[in-house]
Amino acid sequence: MAKDYPISRKAHGVDFLMDHRHLWLRSQRPVALLRVRHTVIRAIRNFFDENGFTLMDMPILVPGAGEDRQSLFPVDYFGEKLFLTQTGQLYLESACMAMGKVYCFGPTFRAEKSKTRRHLTEFWMVEPEVAFADVAEVMRLAEDMICAIVAEVLSKNRADLDFLGRDVAALEKIMKPFPRMTYTEAGELLRGEPIRRKLEQELEQDKARLQALITELEAAEVTLKTAKKGWQQEKQEERVRELREAVGELDQELKVRPDHIRLAQSFKWGEDLGGSDETIVSRQFEQPVFVTDYPREAKAFYMKVSPTDPRVVKNFDLLAPEGYGEIIGGSQREEDPEVIAESMTAKGLRPEDYAWYLDLRRYGSVPHGGFGLGVERTVAWLCGIKHVRETIPFPRTMGRVYP
RNA sequence: UCCGGCGUAGCUCAAUGGUAGAGCGUCUGGCUGUUAACCAGAAUGUUACAGGUUCGAGCCCUGUCGCCGGAGCCA
């Protein structure tokens, strides 16, 4: 090892490690995580390839928005303004009309100004699209795929999961069918008295836990001062550092928790579920949970309006358990070009910019649907780590593009 | 864009408004078939940046920048 190798065996902060990501990659933790990532990607490809899907690569440079305009990355294309793709879905739908069962798998880009543990500006997404499938069938597909991924990771990456300290038993419990609830039901759960009481009780317990940790930390600091030099002192320092980290982390979490409870209680029908809401809902289950039938105005223009309730669309989100939240978003697609054009207008998009997409309906269409799975969020969940930035070799976040 | 936190030695972090420190790393010497060695000694700072308050600012105030977490939005 070179004398001035920057990464020592001692503790380092995230910022320092990320600045040296090219070398940090050589450490055991990144290796374990990225091996799991590889298994996840291979499991996904195998799953679709073995189930009659054809891989169709979709463009990365695109002329317009696939989801929403605010999160587009502009690119200068010989003087013309193009964007980096947010989803392959719209294009994929045209391939679906040709080949029936297709999927695309590639990087996607969203200029969301979100600095959270669940967000990257560049992330990988797999998107299947199935002809003649209704939303229930698409959900079954998602369920089967998740089970296939979990099984593959459990069989190929035991050692990596153990190294990462992952509670493997929680993954072994994953089996279909996953629970299903509607958006409206999720809202009732969030706004309800029982959940409020439960959350507040948990908050009190965690506050007590924080106090206990602080007391322990103070005691450890006193011990450190009187510790003998040498290995005893080092060990005690390690202990103090661990406790400080635990205290800081819990303290920060407890600060936002009351807000999250308040947000859950103030759930208003018509707004999308917030990240904290998803966390709360997903914590109530040991399995991934489907949340379906979101309000039309909160969701994308291409989702099929429910025949039984025009206020909602035939969509679903899949929330990973243990508080990990959304890893999949999917839906049946609207077939009526009039309805799509109307939704576009309502969301400030111009139907004429999507003429080719509307052509897919105009020149004959069949019921179809699909979903998108975020690879990094899935890996973070499977590995039991808190931040997605470690699940990709060189993460791109709002504040980091180096190295 | 908004809210909160942080920014001190190469790294991890201390320092009731009163002389900037520790551990690790580095360097020097010693000891030892060492495995995160050990012992003794040494060097190392524009306390992110720019102003302000004060007899005195790492600490208080204002602004800027950077990072972390969260909200909105999302996979």
Side-chain angles (χ1 to χ4, degrees), chain A residues 1 3-20 65-72 85-89 105-127 142 221 224-225 227 229-245 248-260 262-263 266 271-279 294 298-300 316-320 324-330 371-381 386-389 391-392 397-400 402:
Chain A
M1 190 190 287
K3 261 188 185 166
D4 55 350
Y5 188 70
I7 299 177
S8 72
R9 285 170 220 270
K10 298 289 178 184
H12 290 294
V14 204
D15 199 37
F16 177 82
L17 287 171
M18 275 302 174
D19 278 340
H20 297 84
E67 291 281 339
D68 80 301
R69 315 256 294 287
Q70 276 123 47
S71 66
L72 284 167
T85 185
Q86 300 169 310
T87 164
Q89 183 207 313
F105 200 158
T108 49
F109 307 86
R110 299 203 185 161
E112 286 159 358
K113 296 194 174 171
S114 25
K115 298 180 265 192
T116 81
R117 62 188 64 191
R118 301 185 309 280
H119 287 88
L120 298 171
T121 50
E122 175 182 312
F123 64 96
W124 286 68
M125 189 156 70
V126 60
E127 298 175 277
E221 278 170 340
L224 177 61
K225 277 183 189 147
K229 249 182 136 59
W231 68 271
Q232 286 187 2
Q233 191 182 23
E234 268 197 45
K235 204 161 180 189
Q236 195 59 26
E237 264 171 13
E238 179 81 29
R239 175 110 192 92
V240 167
R241 196 164 35 231
E242 275 170 15
L243 280 168
R244 280 216 185 100
E245 201 174 315
E249 207 171 292
L250 188 57
D251 183 54
Q252 203 161 35
E253 201 202 312
L254 290 186
K255 250 182 236 162
V256 298
R257 207 86 83 72
D259 280 344
H260 290 177
R262 192 177 43 72
L263 280 168
S266 65
E271 288 167 10
D272 207 346
L273 254 40
S276 57
D277 297 333
E278 287 175 359
T279 304
Y294 280 63
K299 287 291 173 181
F316 67 93
D317 280 354
L318 182 68
L319 311 182
Y324 276 92
E326 183 173 6
I327 54 172
I328 290 181
F371 64 81
L373 168 89
V375 169
E376 290 76 16
R377 285 187 184 176
T378 305
V379 175
W381 163 49
K386 58 180 187 188
H387 205 301
V388 292
R389 71 185 153 211
T391 64
I392 186 166
T397 59
M398 239 193 93
R400 178 175 296 282
Y402 178 91

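Proteins get letters first, then strands, A, B, ... in listed order; numbering begins at 1 in each. These numbers come from the heavy atoms of this one structure, side chains and all, not from hydrogens, waters or symmetry mates.
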Touch class at under 4.0 angstrom, heavy-atom based, for [X] against every strand present:
| X | value |
| --- | --- |
| A:Ile328 | sugar-phosphate |
| A:Ile327 | sugar-phosphate |
| A:Gly275 | base |
| A:Phe16 | sugar-phosphate |
| A:Asp259 | nothing |

Would you measure the distance from the [atom1] atom in [N] across to the matching atom in [M] and give it in whole Å?
| N | M | atom1 | result |
| --- | --- | --- | --- |
| B:rU32 | B:rC24 | P | 22 Å |
| B:rU47 | B:rA15 | C1' | 11 Å |
| B:rA14 | B:rC6 | C1' | 15 Å |
| B:rA20 | B:rG56 | C1' | 15 Å |
| B:rA71 | B:rG21 | P | 42 Å |
| B:rU16 | B:rA48 | C1' | 25 Å |

Measuring to OP1 and OP2 of B:rC73, would you say a side-chain N or O of A:Arg110 lies under 4.0 angstrom away?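 A:Arg110 to B:rC73 OP1/OP2: no side-chain N or O under 4.0 Å.
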Taking Watson-Crick and G-U wobble contacts under 3.5 angstrom, with | marking pairs to another strand and [ ] crossing pairs, the secondary structure of RNA chain B is written (((((((..((((....[..)))).(((((.......))))).....(((((..]....))))))))))))....
Tell me, do [X] and [Y] make a side-chain contact under 4.5 Å, heavy atoms counted?
| X | Y | value |
| --- | --- | --- |
| A:Tyr324 | A:Leu319 | no |
| A:Arg377 | A:His119 | yes |
| A:Phe316 | A:Phe371 | yes |

Spacing between [X] atom [atom1] and [N] atom [atom2], to the nearest angstrom:
| X | N | atom1 | atom2 | answer |
| --- | --- | --- | --- | --- |
| A:Gln89 | B:rC74 | CD | C1' | 14 Å |
| A:Glu112 | B:rU1 | CD | P | 16 Å |
| A:Tyr402 | B:rG66 | OH | P | 18 Å |

Looking at B:rC74, does its base get a donor-acceptor pair with the side chain of A:His119 below 3.5 Å?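 Such a pair is found, so the answer is yes.
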Could you check which of [options] has an atom nearest any side-chain atom of [X]?
| X | options | value |
| --- | --- | --- |
| A:Glu278 | B:rA75, B:rC11, B:rC74 | B:rC74 |
| A:Ser276 | B:rA71, B:rA75, B:rC11 | B:rA71 |
| A:Met125 | B:rG4, B:rA75, B:rC74 | B:rA75 |
| A:His12 | B:rA75, B:rC73, B:rC11 | B:rC11 |

A:Phe109 backbone acceptor or donor facing A:Glu122 side chain under 3.5 Å: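 Here the side-chain-to-backbone pair does not exist.
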With a 4.0 Å cut-off on N to O distance, would you call A:Glu249 and A:Lys386 a salt bridge?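 Here A:Glu249 pairs with A:Lys386 in a salt bridge, since their nearest N and O are under 4.0 Å apart.
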Can you name the atoms? Protein N/O to nucleotides 67-69 of chain B N/O, anything below 3.5 Å, with the distance.
| residue | atom | partner | partner atom | Å |
| --- | --- | --- | --- | --- |
| B:rC67 | OP1 | A:Gly399 | O | 2.3 |
| B:rG69 | OP1 | A:His387 | NE2 | 3.0 |
| B:rG69 | OP1 | A:Arg389 | NH1 | 3.1 |
| B:rG69 | OP1 | A:Arg389 | NH2 | 3.3 |
| B:rG69 | O3' | A:Arg117 | NH2 | 3.4 |

Map A:Glu122 and A:His260 onto RNA chain B by nearest heavy atom, then report which one ends up closer to the 5' terminus.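 First, find each residue's nearest nucleotide; the 5'-ward one identifies A:His260.
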Nearest-0.5 Å distance that lies between atom CD in A:Glu112 and atom CE in A:Met398: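 A:Glu112 CD to A:Met398 CE: 11.0 Å, rounded to 0.5 Å.
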Side chain to side chain contact (heavy atoms under 4.5 Å, CB included) against A:Val256, all qualifying residues, sequence neighbours excluded: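 In terms of side chain to side chain contact (heavy atoms under 4.5 Å, CB included), with neighbours along the sequence ignored, A:Val256 is linked to A:His260.
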